[in-house]
Novice: 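I have a structure I would like to understand better, so I am pasting it below and will then ask my questions one at a time.
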Protein chains: 2
Amino acid sequence: MSAKPRIERAALEVFAAHGVDGATTKLIAARAEVSEGAIYRHWKSKDELAIGLFMAAHKRLSDLIETEAGAVHGVAAKAAALVKAYCTAADEDWTLFSFHLLQLHHFLPYYQDDGRDPVTLVETIIKYAMMKMELPPGDPRVVAAMAIGVITQTAQNKAYGRLGDDALSAHAPLMTAAVLAVLKAR
Amino acid sequence: MSAKPRIERAALEVFAAHGVDGATTKLIAARAEVSEGAIYRHWKSKDELAIGLFMAAHKRLSDLIETEAGAVHGVAAKAAALVKAYCTAADEDWTLFSFHLLQLHHFLPYYQDDGRDPVTLVETIIKYAMMKMELPPGDPRVVAAMAIGVITQTAQNKAYGRLGDDALSAHAPLMTAAVLAVLKAR
DNA sequence: CATCAGTATGTGAGCATTTACTTGCGTGTC
DNA sequence: GACACGCAAGTAAATGCTCACATACTGATG
């Protein structure tokens, strides 16, 4: 089988486990069962590899949010759809999503904020819902952060092995209720 | 002035900004305005320095949780006290707390789980409240994760510069309401 | 009070090792 | 024969850490 996808998988795993700076090309190559040189056939540098993987996850998440939120009406429905979609996607490719979740801060300097990153998208949805009086007024940045935190911290704790082997989806109903409660709380 | 505290401050800043693996002893020394050798007068290795700083923050947070939660009765009061205490402490030493928050995953392998880490403490409080019928039944691990996420994600977004220069405490009332809503949601 | 060994602290040049990355070569495919 | 792909060995730079030396403090001694 060709080496590129094997390298991508291996890199994802190693980056998720050791962080981008902690990961070595040697380790990635070993895990992918290729030589180090093989990596540089497909990427110019270790960082380019990391950024590529991260941006793919980031874009996939942004797209997921846009389509899921666009498909239904009302914040409550949007919240439910988003939670469910995130959980499902995370369960389907846990390595990708835990990498995205745990290594986010490494890539903050890179992505230009064009309003299409996940957090900003959620902020926009909330701001709009406040305008339409679906939600009580408040700082959308904070409300968005809190709502997102319900999901991300749960996912993080699962990544840290604190939730056993349950799928994240198993907790989706509870998380949905919690997110809705956060949105309405004041 | 003696070098040790200057090194600790510098290390905290550099670790918070670049991560433990991304930080170099050269950078830390430069920022502390000492030679690299000075670091090794006080710590055996870069990792020992990092672990020391992290554990100090970790213990401080655990102590804070135990005392604050022990001082009042009822989950609602405990939650309010904890949110306020965390916000205040974080504002007082933002560098320390953002380091703790952002670099947590690096140190997971190190701390033995003696039930005195912040997450487990919160889980215990919630479990107890459920037994006393103060909260509706549910998986305490998930409920704790969600409630904690309300705080940590907000703090994280502030660390990422998404909340402007507001003190975290400025949002404490809103966060308290949100945490309570999460605890009761089902 | 002066002295001086003992100790703690800081320096900066340098060392061994690791790391990301390169290069020359072989192999299979169109 | 051109080209894409992969390998093994190698390179230059960076990194964590050490070591011989210098300096400042301490406190017991005469």
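Each chain gets a letter, A, B and so on, in the order the sequences are listed, and its residues count up from 1. These values consider heavy atoms only, across backbone and side chains, with no hydrogens, waters or symmetry-generated copies.
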Novice: Is there a donor-acceptor pair under 3.5 Å between the side chain of B:Glu48 and the backbone N or O of B:Lys44?
Specialist: yes
Novice: How close or far is atom P of C:dA13 from atom NZ of B:Lys26, stated in whole angstroms?
Specialist: 11 Å
Novice: Do A:Tyr110 and A:His58 come close enough that some side-chain heavy atom pair is under 4.5 Å?
Specialist: no
Novice: Nearest to the A:Arg41 side chain among C:dC25, D:dC17, C:dG10, which nucleotide is it?
Specialist: C:dC25
Novice: Over how many whole Å does the gap from A:Leu27 atom CG to C:dA20 atom C1' extend?
Specialist: 14 Å
Novice: Does a salt bridge link B:Glu123 with A:Arg162, judged by any charged N lying under 4.0 Å from a carboxylate O?
Specialist: yes
Novice: Looking for any heavy atom pair under 4.0 Å, which part of the strands does B:Ala32 touch: base, sugar-phosphate only, or nothing?
Specialist: nothing
Novice: Using atom CD1 of A:Ile39 as one end and atom P of D:dG6 as the other, report the distance to the nearest whole Å.
Specialist: 11 Å
Novice: State plainly whether the residues A:Glu66 and A:Arg116 are in salt-bridge range, i.e. N to O under 4.0 Å.
Specialist: yes
Novice: When you measure from the side-chain N and O atoms of A:Ser35 to the phosphate of D:dA8, is any distance below 4.0 Å, counting only OP1 and OP2?
Specialist: no
Novice: Report yes or no: is there a donor-acceptor pair, N or O only, under 3.5 Å between the side chain of A:Glu36 and the base of D:dC7?
Specialist: no
Novice: Check whether any side-chain nitrogen or oxygen of A:His42 sits under 4.0 Å from OP1 or OP2 of D:dG6, and answer yes or no.
Specialist: yes
Novice: Just checking A:Ala3: base, sugar-phosphate only, or nothing, at a heavy-atom cut-off of under 4.0 Å?
Specialist: sugar-phosphate
Novice: Any base atoms under 4.0 Å from A:Ala29, or only sugar-phosphate, or nothing? Heavy atoms, all strands.
Specialist: nothing
Novice: May I ask you to decide if the ring planes of B:Phe54 and B:Phe107 are parallel, tilted or perpendicular, using 30° and 60° as cut-offs?
Specialist: parallel
Novice: Would you mind reading off the distance between A:Asp21 atom CG and C:dT18 atom C1', rounded to a whole angstrom?
Specialist: 15 Å
Novice: Provide, to the nearest angstrom, the distance between the NZ atom belonging to A:Lys44 and the C1' atom belonging to C:dT22.
Specialist: 14 Å
Novice: Find the distance B:Trp43:CH2 to D:dT18:C1' and express it as a whole number of Å.
Specialist: 18 Å
Novice: Rounding to an integer number of Å, can you tell me how far A:Arg6 CZ sits from D:dC5 P?
Specialist: 14 Å
Novice: I want to check one thing: is the phosphate of D:dT18, taken as OP1 and OP2, less than 4.0 Å away from some side-chain N or O of B:Tyr40?
Specialist: no
Novice: When you match A:Asp47 and B:Lys4 each to their closest nucleotide on DNA chain C, which lands nearer the 5' end?
Specialist: B:Lys4
